[in-house]
Amino acid sequence: MSIDVELDENGNPDPTNGTAMVSGVDELRQSLQMRLLSQVGWAVNDVEFGVEWLDFFGENDNADLAADKIAEALELDDRIAKVVSVTVTTDYKERRAYVKTVLQLADDDLIAENNDPNMTFDANIGI
């Protein structure tokens, strides 16, 4: 099971100077959040890490294309068997996109911890 330093909402180590740790389902959610907030190609050692963020939100609201790109990116995590659904809802007044996903887990330990082979993962991002 993966263990990592707990990050705050900005992706920085927590206020305890990086001594708080996350594992299991919480670590997976944190990892997926980092993937969701990253542009594909930025990571030198993993050029597929991140989402292929195009100009999804603007004159043409391409929430369906954004959902497809998000599903594609999240399925690259070995702990995810498949992305069951992705819904992207935009709020242009608040300049946010709300992402709701249902993921089918591939890892037996995570399934046991989650008490369900399907896990929800929700996030919101600035647009």
Side-chain angles (χ1 to χ4, degrees):
M1 191 168 305
S2 297
I3 298 173
D4 202 354
V5 172
E6 185 176 358
L7 303 176
D8 67 15
E9 64 276 357
N10 297 316
N12 298 314
D14 69 58
T16 63
N17 296 318
T19 58
M21 305 297 281
V22 291
S23 63
V25 172
D26 291 335
E27 190 281 329
L28 176 58
R29 282 192 172 100
Q30 177 174 286
S31 178
L32 295 175
Q33 178 79 9
M34 288 174 48
R35 185 178 294 268
L36 182 65
L37 295 176
S38 300
Q39 171 67 27
V40 72
W42 76 269
V44 174
N45 295 329
D46 187 356
V47 295
E48 293 183 352
F49 185 86
V51 176
E52 186 182 353
W53 285 111
L54 305 170
D55 188 16
F56 297 129
F57 311 109
E59 290 181 22
N60 300 316
D61 187 348
N62 291 316
D64 290 339
L65 179 57
D68 290 344
K69 292 296 183 179
I70 290 167
E72 184 180 298
L74 297 181
E75 285 182 344
L76 292 176
D77 191 303
D78 293 340
R79 299 167 290 183
I80 305 300
K82 72 177 181 176
V83 175
V84 176
S85 67
V86 178
T87 305
V88 178
T89 306
T90 54
D91 181 341
Y92 287 105
K93 183 177 180 182
E94 296 293 324
R95 300 187 49 87
R96 308 292 304 163
Y98 299 94
V99 179
K100 294 186 70 61
T101 61
V102 177
L103 313 165
Q104 186 178 60
L105 299 171
D107 181 280
D108 290 337
D109 291 333
L110 291 174
I111 292 169
E113 181 183 336
N114 194 53
N115 293 319
D116 191 333
N118 293 325
M119 180 184 90
T120 60
F121 169 66
D122 300 335
N124 71 73
I125 57 172
I127 55 173

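All values below were derived from every heavy atom in this structure, side-chain atoms included, with hydrogens, water molecules and symmetry-related copies excluded.
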Hey, could you give me the [atom1]/[atom2] distance between [X] and [Y], rounded to the nearest 0.5 Å?
{"X": "L76", "Y": "L32", "atom1": "CG", "atom2": "CG", "result": "11.0 Å"}
{"X": "D64", "Y": "T87", "atom1": "CG", "atom2": "OG1", "result": "9.5 Å"}
{"X": "R29", "Y": "L110", "atom1": "CZ", "atom2": "CG", "result": "10.0 Å"}

On a heavy-atom basis, which atom in [X] and which in [Y] lie closest, and how many Å separate them?
{"X": "E6", "Y": "Q30", "value": "CA-OE1, 3.6 Å"}
{"X": "N124", "Y": "Q33", "value": "O-NE2, 4.4 Å"}
{"X": "M119", "Y": "L28", "value": "CE-CD2, 3.8 Å"}
{"X": "A106", "Y": "A81", "value": "CB-N, 3.6 Å"}
{"X": "M21", "Y": "I3", "value": "CE-CG2, 3.7 Å"}
{"X": "V99", "Y": "T101", "value": "CG1-CG2, 3.9 Å"}

[X] side chain to [Y] backbone, donor-acceptor under 3.5 Å:
{"X": "E27", "Y": "D4", "value": "no"}
{"X": "E75", "Y": "V83", "value": "yes"}
{"X": "N114", "Y": "N118", "value": "yes"}

Audit row: I111, D116, side chain to side chain contact (heavy atoms under 4.5 Å, CB included) steps and yes/no: CA-CA 6 Å; I111 292 169; D116 191 333; over 6 Å; no

Sub-4.5 Å side-chain heavy-atom contact between S31 and D77: yes

Side chain to side chain contact (heavy atoms under 4.5 Å, CB included) assessment of L74 paired with R35: CA-CA 7 Å; L74 297 181; R35 185 178 294 268; 4.1 Å; yes

